[in-house]
Amino acid sequence: MASNKLKINDIARLAGVSATTVSHIFNKRDKKYRISPLTRQRVLSIAQQYSNQSHIRRYLIKANSTNTVGVIVPDMSNSFFSMFLYHLESSFRHKNIQLLITCSHYNREVEVKVAQNLVERKVDAMIVVTSLDSDKFYADINQNTPVLFFDRYLKNTKLPFITSEASQSVAKLIEPYAKQFDEFYFIGCDIGLTSIQARLEGFKQGLENAGLVVNPDWLVSDVYCPDKGYDLLKNVHKKLGRLPKAIFTPSCNLLQEVLNYLVAVNADPKQVCLCSYDYNIYFDYSYYPIDAIAQDFENMANACVNMIYNLLNFEELKCSALFIEPKIKRHR
């Protein structure tokens, strides 16, 4: 070989087959053209010896693809994730790719374990809603299996991610109501997550735009666990001796828990103004009017499919950080 860079013709010569045969194997057309498993294995074994060359490694990944994509979400009962998965599965199915969906239950150790299991199952790529603090674990996986962060991303990460825009939309959501009240409470959890941070920043900006100075006592948060939103509002209610005049929750599950508390104390809908990030169609029929940010599930799912498709085909990404514009749904 005149060059250190191995070419398809070189592999064909070493394997004793034609370059066309090698190309069919690398592009998963060996069954279509009735190439024997032994020939396929011989070609791939030779290519494996040169897998330190990036283009050969790409050939091997494509040849060994399983047409499966692994997905890790923290909570399948969360309406946002369930709706996203619905659209994601439909979009991938149209490309003959099957999803392997797993759940981390907001547990970092579980997340690492299920990610390792997906790698062992040889998924072609992974879409992850992560709870980890660093991208090192996924950066290592990304060397052989493309990883796409969704919803939550890690600061300064070099891995691609797709999420909804939050800061400007949340500011627009609450500003009209912040002008009407002398207090506005943020009932949230896991504010260290980038997605929640962006929503908190938008909340503060909305108050500032309305001329309302943020009181640190209004920012109520903790580590998430089931019913945490219920407990946080209960504590605020006890401390104030009344319900807050206005509440913003940064996620739908927290809002549901806040609603559970309002129902438990038989609160009058006129007592409290509710705003939230994440929208559910049931809000249209809620006893308590709720203004919410509606994320574009279908657009986000299609963007994930397109980005994964580009990664699997080794195409350069036009943008590795994509923020999808949400919509505001008002019920007042």
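Separating the OG atom in Ser51 from the CD1 atom in Ile46 is a distance of 13.5 Å, to the nearest 0.5 Å. For the atom pair NZ (Lys172) and CD1 (Ile293), the distance works out to 9.5 Å, reported to the nearest 0.5 Å. Note that OG1 of Thr39 is 4.5 Å distant from CZ of Arg42, once rounded to the nearest 0.5 Å.
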Which side-chain N or O atoms in residues 77-86 pair as donor and acceptor under 3.5 Å with protein atoms at least two apart or in another chain?
| residue | atom | partner | partner atom | Å |
| --- | --- | --- | --- | --- |
| Ser77 | OG | Asp75 | OD1 | 2.6 |
| Ser77 | OG | Asp75 | OD2 | 3.3 |
| Asn78 | OD1 | Phe80 | N | 2.8 |
| Ser82 | OG | Asn78 | O | 3.3 |
| Ser82 | OG | Ser79 | O | 2.9 |

Listing, residues 137-145 side-chain donor-acceptor contacts under 3.5 Å, not counting sequence neighbours, or none:
| residue | atom | partner | partner atom | Å |
| --- | --- | --- | --- | --- |
| Tyr138 | OH | Glu111 | OE2 | 2.7 |
| Asp140 | OD2 | Lys136 | NZ | 3.4 |
| Asn142 | OD1 | Val147 | N | 2.9 |

Would you list the atom pairs, donor with acceptor, under 3.5 Å between side chains in residues 156-163 and any protein atom, with sequence neighbours excluded?
| residue | atom | partner | partner atom | Å |
| --- | --- | --- | --- | --- |
| Thr157 | OG1 | Asp135 | OD2 | 2.8 |
| Thr157 | OG1 | Leu159 | N | 3.1 |
| Thr163 | OG1 | Asp151 | O | 2.7 |

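Using the six-membered ring where Trp is involved, His331 and Tyr279 have ring planes that are parallel, under 30° apart on the 30 and 60° scheme.
Hydrophobic clustering of Ile, Leu, Val, Met, Phe, Trp and Tyr side chains at less than 4.5 Å, counting indirect connections, keeps Leu132 apart from Val71. No path of Ile, Leu, Val, Met, Phe, Trp and Tyr side chains, each step under 4.5 Å between heavy atoms, connects Leu193 with Val223, placing them in separate hydrophobic clusters. With hydrophobic clusters built from ILVMFWY side chains whose heavy atoms lie under 4.5 angstrom apart, Phe297 does not share a cluster with Ile72. Leu312 is not connected to Ile25 by any chain of hydrophobic side-chain contacts under 4.5 Å among Ile, Leu, Val, Met, Phe, Trp and Tyr, and they are in different clusters. Cluster membership check: Ile101 shares its hydrophobic cluster with Met300, using side-chain heavy-atom separations under 4.5 Å among Ile, Leu, Val, Met, Phe, Trp and Tyr.
A distance-only check finds a donor-acceptor pair linking the side chain of Ser276 to the backbone of Thr249 [under 3.5 Å]. Side-chain atoms of Asn27 do not come within 3.5 Å of backbone N or O of Arg29 as any donor-acceptor pair. Looking only at distances, no side-chain donor or acceptor of Asp124 sits under 3.5 Å from a matching main-chain atom of Val69. Side chain of His55 to backbone of Leu6: a donor-acceptor contact under 3.5 angstrom is found. Checking side-chain atoms of Arg330 against main-chain N and O of Leu173 turns up a donor-acceptor pair under 3.5 Å. Of the possible polar contacts, none joining the Ser167 side chain to the Glu201 backbone as a donor-acceptor pair under 3.5 Å is found. Between the Ser286 side chain and the Phe283 main chain, no donor and acceptor come within less than 3.5 Å of each other. The closest donor-acceptor contact from the side chain of Gln295 to the backbone of Asp278 lies at 3.5 Å or more, if one exists at all.
Lys245 forms no cation-pi arrangement with Phe181, by the criterion of a distance under 6.0 Å to the ring centre and an angle within 45° of the ring axis.
Summarising the local packing, CD of Glu109 is surrounded by 12 or fewer heavy atoms from other residues, nucleotides or ligands at distances under 6.0 Å. Within a 6.0 Å radius of OH in Tyr309, other residues, nucleotides and ligands contribute 12 heavy atoms or fewer. For CZ of Arg121, the number of neighbouring non-hydrogen atoms (other residues, nucleotides, ligands) closer than 6.0 Å is 12 at most. Dense packing is recorded around CD of Glu89, with more than 12 heavy atoms of other residues, nucleotides or ligands lying under 6.0 Å away.
Defined by atom type and a distance below 3.5 Å, a donor-acceptor pair is missing between the side-chain atoms of Gln98 and Asn67.
Smallest separation of non-hydrogen atoms from Ser91 and Asn302: OG-OD1, 2.8 Å. Of all heavy-atom pairs between Glu165 and Tyr277, the closest is O-OH, 2.8 Å. Listed here is the closest heavy atom pair of Ala63 and Lys28: O-CG, 3.7 Å. Between Ile187 and Pro250 the shortest heavy-atom distance is O-CD, 3.1 Å. Ile191 approaches Ile196 most closely through the heavy-atom pair CA-CG2, 3.8 Å. Among all heavy-atom pairs drawn from Ala166 and Arg199, the shortest one is CB-CG, 3.8 Å.
Residues that satisfy the side-chain contact (heavy atoms from CB on, under 4.5 Å) test with Arg332, not counting sequence neighbours, are Tyr177, Cys273, Leu274, Pro289, Asp291.
The pair Lys179-Glu175 meets the salt-bridge criterion, with a side-chain N (NZ, NE, NH1 or NH2) lying under 4.0 Å from an Asp/Glu carboxylate O. Contact check on Asp284 versus Lys329 returns no salt bridge, with no Lys/Arg side-chain nitrogen under 4.0 Å from an Asp/Glu carboxylate oxygen.
Annotation: side chain of Val123 is in contact with side chain of Leu100 (closest heavy-atom distance under 4.5 Å). With contacts defined as side-chain heavy-atom distances shorter than 4.5 Å, the pair Leu88/Val305 qualifies. Leu255 places none of its side-chain heavy atoms less than 4.5 Å from the side chain of Asn280. Between Asp10 and Lys7 the shortest side-chain heavy-atom distance falls below 4.5 Å. Two residues are said to be in side-chain contact when any heavy atoms from C-beta on lie closer than 4.5 Å; Lys155 and Thr194 meet this criterion. Taking the side chain as every heavy atom from C-beta outward, Gln48 and Ser45 never approach each other to under 4.5 Å.
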Side chain to side chain contact (heavy atoms under 4.5 Å, CB included) between Tyr288 and Val258: does it pass, once the steps are laid out? CA-CA 11 Å; Tyr288 296 94; Val258 163; over 6 Å; no

Please step through side chain to side chain contact (heavy atoms under 4.5 Å, CB included) for the pair Asn313 and Lys62, ending with a clear verdict. CA-CA 8 Å; Asn313 287 277; Lys62 191 170 185 179; 4.1 Å; yes

Test side chain to side chain contact (heavy atoms under 4.5 Å, CB included) applied to Leu262 and Leu233, step by step: CA-CA 9 Å; Leu262 294 177; Leu233 180 54; 4.1 Å; yes

Take Phe186 and Val214, measure what side chain to side chain contact (heavy atoms under 4.5 Å, CB included) needs, and give me the verdict at the end. CA-CA 10 Å; Phe186 175 94; Val214 179; over 6 Å; no

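Cluster note: Tyr224 groups with Tyr106, Leu254 through ILVMFWY side-chain heavy atoms spaced under 4.5 Å, whether in direct contact or through intervening members.
Residue pairs meeting the side chain to side chain donor-acceptor pair (under 3.5 Å) criterion with at least one member in residues 208-219, sequence neighbours excluded, are Gln205-Asn209.
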